[in-house]
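Just the heavy atoms: all of them, side chains too, but no hydrogens, waters or symmetry mates, feed the values below. Not measured: the values here are computed from a predicted model.
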Amino acid sequence: MIKAAINYLSDPLYSFTAFIILFAVAMKRIDIVGTKKFGLALLIGVLAIFGWMVTDPVFFSVISLPDNIPIIILNGLVFWSTWYALYRGHQNDLRIEKGEQPIEGTPENREKVWAWPNLVYTELFCGILCTIFLIVWAIFFKAPLEEPANPTWAPNPAKAPWYFLGLQEMLVYFDPWMAGVVLPGFIIVGLIAIPFIDINPKGNGYYTFKERKFAIAGFLFGWLALWVYLIQVGTFLRGPNWTFYGPFEYWDFHKVVAENNVNLSEYFWIKLLNMGLPKNIFLREIVGILFMGVYCVASVPFITKKWGYKYLPRMGAIRYYLMVFLLLGMALLPLKMYLRWFFTLKYIVAMPEFELNL
């Protein structure tokens with residue numbers, strides 16, 4: 001009964017929604033999340049639940065694949081380092097409220113040391129430990145080697161390397177051109193633009209949260225919810241034919257999920273107006289074009305009036321509107337995901353004639 005409920009709630013519609021809610025609560029209650037008691041309770045809870053899940057043979061068969069074991073380790077490191085940064089930031093916020101310096105600004109932490117031998121010895125010992133770890137790994141775990149390449153046969157599921165599985169999961173919701181070129185381009189441009197957009201001098205050289213709340217929350221949402229989460233789904237919950245499988249659900253190659261994805265233009269002209277699609281391309285997609293126009297253009301004044309008015313004078317027009325444009329691009333991914341889940345919407349704008357599908 002419990003396993004069936006977990007399989008049901010692991011569906012991206014429910015698990016992604018729960019992830020967003022928990023993320024919002026965590027950012028709101030940093031006074032609880034950024035404590036040692038919470039970190040210890042979270043660690044014990046995760047280990048207990050994971051230990052119970054490992055007892056299931058189906059779950060164990062998936063996570064024990066040679067390709068998936070490193071991802072389990074990386075998951076632990078990612079979430080631990082995220083909590084630790086929030087913990088250190090919360091500690092400094094408490095010190096700043098009392099009129100004290102951040103921990104990194106105390107005299108004992110500002111003392112300078114020579115790179116040789118202090119840094120070099122530290123790097124040497126880290127290199128030795130990593131080498132020992134890799135040797136032990138190679139002894140106890142087989143390399144994930146497969147048979148020689150065969151052009152007449154492809155594995156099912158055919159998965160990219162783990163660091164590309166987020167992009168492969170985006171293909172469920174976007175055209176390959178969007179998921180493989182445009183959105184990764186936004187990610188690269190956004191990362192490059194961070195030093196230009198973020199001119200807040202606070203938080204430089206020390207951990208903090210309250211002084212950089214918007215910047216930290218925005219980055220973590222894009223990193224955890226729109227990248228790490230998608231990698232988890234693509235790695236552990238996508239089986240043959242890229243079909244969703246719960247953590248305790250056997251990967252049956254014969255499982256078929258019937259989904260009739262419909263474009264927005266078909267919803268408007270065929271289902272709503274009960275008429276055929278216009279032959280003119282732009283008239284056919286006018287609803288989707290207007291929708292994207294409102295989303296990308298008309299929403300900017302509303303965002304500025306309700307939320308961005310305090311950032312515009314401080315950042316300047318160029319920085320502010322570039323930030324809003326990148327945030328709208330980031331929000332387009334969860335928006336399209338929910339449109340697919342609730343309305344089986346394939347494309348908002350479908351122009352295969354111009355290879356433009358959004």
Side-chain angles (χ1 to χ4, degrees), residues 12-13 15-17 19-20 23 71 74 78 157-198 214-238 242 244 259 261 263-265 285 288-300 303 319-358:
L13 170 60
S15 58
F16 184 72
T17 304
F19 193 97
I20 292 178
F23 177 84
I71 304 177
L74 288 175
V78 166
K159 293 188 177 183
W162 67 267
Y163 42 84
F164 283 142
L165 281 179
L167 296 179
Q168 192 168 352
E169 179 64 17
M170 290 182 191
L171 292 173
V172 178
Y173 312 99
F174 284 97
D175 180 79
W177 182 74
M178 288 292 300
V181 179
V182 176
L183 291 179
F186 277 175
I187 294 173
I188 296 173
V189 171
L191 293 174
I192 294 174
I194 285 178
F196 171 77
I197 296 175
D198 190 2
F214 171 75
I216 294 174
F219 180 86
L220 286 180
F221 179 79
W223 165 237
L224 296 177
L226 303 183
W227 191 251
V228 175
Y229 170 83
L230 294 179
I231 291 177
Q232 309 311 308
V233 174
T235 302
F236 303 109
L237 303 180
R238 293 292 184 182
W242 208 251
F244 168 79
E259 290 184 347
N261 297 318
N263 296 326
L264 182 59
S265 58
E285 303 299 328
I289 294 174
L290 291 176
F291 178 88
M292 292 305 303
V294 171
Y295 178 79
C296 296
V297 180
S299 63
V300 176
I303 295 174
R319 289 188 178 93
Y320 172 77
Y321 288 114
L322 177 59
M323 178 191 69
V324 173
F325 174 75
L326 291 173
L327 289 177
L328 288 175
M330 183 174 67
L332 184 62
L333 175 57
L335 174 63
K336 185 68 184 299
M337 292 166 67
Y338 278 108
L339 290 175
R340 173 64 62 86
W341 293 330
F342 283 111
F343 305 104
T344 62
L345 183 69
K346 186 177 182 180
Y347 295 129
I348 300 173
V349 178
M351 293 184 175
E353 297 86 352
F354 303 115
E355 296 185 0
L356 176 61
N357 299 305
L358 180 60

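- Judged by distance alone, with hydrogens and angles left aside, the side-chain atoms of Glu285 form no donor-acceptor pair with the main-chain N or O of Val349 at under 3.5 Å.
- One distance of note links CZ of Phe221 with CZ of Phe19; it measures 9.0 Å at 0.5 Å rounding.
- Judged as a side chain to side chain donor-acceptor pair (under 3.5 Å), and not counting sequence neighbours, the contacts of Asn357 are Asp175.
- Rounded to the nearest 0.5 angstrom, Leu358 CG and Tyr295 OH are separated by 10.0 Å.
- Once rounded to the nearest 0.5 Å, the distance linking CD1 of Ile289 with CG of Leu264 reads 10.5 Å.
- To the nearest 0.5 angstrom, Thr235 atom OG1 is 4.5 Å from Leu165 atom CG.
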With a 3.5 Å cut-off and sequence neighbours excluded, list the donor-acceptor pairs that the side chains of residues 184-198 form with protein atoms.
residue	atom	partner	partner atom	Å
Asp198	OD1	Asn200	N	3.4
Asp198	OD1	Arg212	NH2	2.9
Asp198	OD2	Arg212	NH2	2.1

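- Here the side chains of Leu332 and Leu335 are in contact, with some heavy-atom distance below 4.5 Å.
- At least one side-chain heavy atom of Phe174 sits less than 4.5 Å from a side-chain heavy atom of Leu183.
- For Ser299, the side chain to side chain donor-acceptor pair (under 3.5 Å) test picks out no residue, with sequence neighbours left out.
- By the 4.5 Å heavy-atom criterion applied to side chains, Leu237 and Gln232 are not counted as neighbours.
- Between Leu356 and Tyr347 there is no side-chain heavy-atom pair separated by less than 4.5 Å.
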Taking it one step at a time, do Leu328 and Ile303 satisfy side-chain contact (heavy atoms from CB on, under 4.5 Å)? CA-CA 10 Å; Leu328 288 175; Ile303 295 174; 4.0 Å; yes

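- Checked against side chain to side chain donor-acceptor pair (under 3.5 Å), Arg238 has the following partners two or more places apart in sequence or in another chain: Glu169.
- When the shell of 6.0 Å around CZ of Phe164 is examined, it contains 12 or fewer heavy atoms from other residues, nucleotides or ligands.
- Distance check: Arg340 CZ to Asn261 CG gives 4.5 Å after rounding to the nearest 0.5 Å.
- Side-chain contact check for Phe16 versus Val233: every heavy-atom pair is 4.5 Å or farther apart.
- Taken from CG in Leu230 to CG in Leu167, the straight-line distance is 9.0 Å, to the nearest 0.5 Å.
- Smallest separation of non-hydrogen atoms from Tyr229 and Ser15: OH-OG, 2.6 Å.
- Relative ring orientation between Trp341 and Tyr173 is described as perpendicular, the plane-to-plane angle rising above 60° on a 0-90° scale split at 30° and 60°.
- For CZ of Phe325, the number of neighbouring non-hydrogen atoms (other residues, nucleotides, ligands) closer than 6.0 Å is 12 at most.
- Counting only heavy atoms from C-beta outward, the side chains of Trp162 and Leu74 approach each other to under 4.5 Å.
- Considering only residues two or more places apart in sequence or on other chains, Gln168 meets the side chain to side chain donor-acceptor pair (under 3.5 Å) condition with none of them.
- Screening residues 328-339 for side-chain hydrogen bond (donor to acceptor under 3.5 Å, both in side chains), with sequence neighbours left out, gives Thr17-Tyr338.
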